[in-house]
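Just the heavy atoms: all of them, side chains too, but no hydrogens, waters or symmetry mates, feed the values below. Letters A, B, ... mirror the listed sequences (proteins, then strands); counts begin at 1. Remember, predicted model here, so these are calculated numbers, not experimental data.
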There are 2 protein chains.
Amino acid sequence: MKTYNCGLDITLEVVGGKWKALILYYLLTGPKRTGELKRLADNITQKMLIQTLKELEANGLIHRKTYNQVPPKVEYSVTELGETLKPVLESLCKWGEDYAESTFNKNEYQILNAN
Amino acid sequence: MKTYNCGLDITLEVVGGKWKALILYYLLTGPKRTGELKRLADNITQKMLIQTLKELEANGLIHRKTYNQVPPKVEYSVTELGETLKPVLESLCKWGEDYAESTFNKNEYQILNAN
DNA sequence: CAGCATCCCGTACGATACTG
DNA sequence: CAGTATCGTACGGGATGCTG
């Protein structure tokens, strides 16, 4: 039996870590192919991308669709469950931007994918 | 110059990890002494507690007040900046609870500090 | 193009014991 | 009671090369 301190633990288990939230964030704007995601996420490794996608899929947040063709084509999209995270992720993102703006100096940091 | 993919990275830097969000969550209900927090957070180590508190303080989310007396007394409380995280943390927490409820079996997990 | 297998490393996290 | 100091380990994350 898994034990959590509070709901936060669970959420962090799902979108915590270095890439999960980011990838999910991208997918929330529409289905993407593997290569597309690779290009979008700055500096992510093939390994981490695949691993991240697998974990998101295992948690039921995204869906993986394969096209049987050569060369292979795979497309990822958010599930209904994944959609429910949208408002949460957006407020998280917004808070981070505000926080940075109010505590860092402008020339000390940069946000690559600010909207 | 620090580089972030998006605001999410920043937020996770502040409340990510195993304990930060939880401790902050407790403090949002009112000032607490070190020992109190230790008792509240299940299984946290002295080391991790202090470390977590230091990081939260360094990020300007909590305030540390020492009383010069023997035995020593220290009290932690959230700053105004920390307060701004309250709605965000709450929605994160709520989402985690909902997620668990809809994807786990009731006898497979437990949340210690569900409100 | 999409994915897997190795090998590797830093650090986040933890257990334990000790000071003022 | 609050905090430090050491030491050890597990795991998240990365570099590189190979398959269908």
S.K.: Please tell me which of the listed nucleotides, D:dC1, C:dC1, D:dG3, lies nearest to the side chain of A:P72?
M.R.: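 Closest nucleotide to the A:P72 side chain: C:dC1.
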
S.K.: Taking 4.0 Å as the cut-off, does a side-chain nitrogen or oxygen of B:R33 come that near to OP1 or OP2 on D:dA2?
M.R.: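 So the side chain of B:R33 is within the cut-off, an N or O lying under 4.0 Å from OP1 or OP2 of D:dA2.
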
S.K.: Can you find a heavy atom in the side chain of A:P72 that is under 4.5 Å from one in the side chain of A:T66?
M.R.: no

S.K.: Is it the case that the side chains of B:N113 and B:Y26 hold a donor-acceptor pair, with the cut-off being a distance below 3.5 Å and no angle test?
M.R.: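 Judged by distance alone, the side chains do pair up.
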
S.K.: Are B:L37 and B:L53 side-chain neighbours, meaning at least one heavy-atom pair lies under 4.5 Å?
M.R.: yes

S.K.: Can you tell me the distance, in whole Å, between the NZ atom of A:K73 and the C1' atom of C:dC1?
M.R.: 12 Å

S.K.: Which nucleotide in the set C:dC4, D:dG3, C:dA15 lies at the smallest distance from any side-chain heavy atom of B:T45?
M.R.: C:dA15

S.K.: Of the nucleotides D:dA15, C:dC13, C:dC1, which has the atom closest to the A:K47 side chain?
M.R.: D:dA15

S.K.: Which part of the nucleic acid, if any, lies within contact of B:Y76, taking any heavy atom under 4.0 Å across all strands shown: a base, the sugar-phosphate backbone alone, or nothing?
M.R.: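 Answer is sugar-phosphate: B:Y76 comes under 4.0 Å of backbone atoms only.
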
S.K.: Does C:dT11 have its OP1 or OP2 closer than 4.0 Å to a side-chain nitrogen or oxygen of B:K18?
M.R.: no

S.K.: Given D:dC1, is OP1 or OP2 found less than 4.0 Å from the side-chain N or O atoms of B:R39?
M.R.: no

S.K.: Return the value, rounded to whole Å, for the distance between atom OH of B:Y67 and atom P of D:dG3.
M.R.: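 That distance rounds to 13 Å.
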
S.K.: Atom CG of A:L49 and atom C1' of D:dG13: how far apart are they, to the nearest Å?
M.R.: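 My rounded result for the distance is 14 Å.
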
S.K.: Send over the distance from A:L12 CG to C:dC13 P, rounded to a whole Å.
M.R.: 11 Å

S.K.: Can you measure B:M48 atom CE to D:dT4 atom C1' for me and round it to whole angstrom units?
M.R.: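 Between C1' of D:dT4 and CE of B:M48: 15 Å.
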
S.K.: Would you check, one step at a time, whether the test side-chain contact (heavy atoms from CB on, under 4.5 Å) holds for A:W95 with B:V14?
M.R.: CA-CA 11 Å; A:W95 188 90; B:V14 171; 4.1 Å; yes

S.K.: Write down the distance between CD (A:Q46) and P (D:dC18), rounded to a whole number of angstrom.
M.R.: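 Result: 15 Å.
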
S.K.: Please work out if B:K20 contacts a base, only the sugar-phosphate, or nothing of the nucleic acid, heavy-atom cut-off 4.0 Å.
M.R.: nothing

S.K.: Rounded to whole Å, please give me the gap between CG in B:L53 and P in D:dG3.
M.R.: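 In whole Å, D:dG3 P lies 8 Å from B:L53 CG.
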
S.K.: So if I take every side-chain heavy atom of A:T34 and compare against C:dG14, D:dC1, C:dG3, which nucleotide ends up nearest?
M.R.: C:dG3

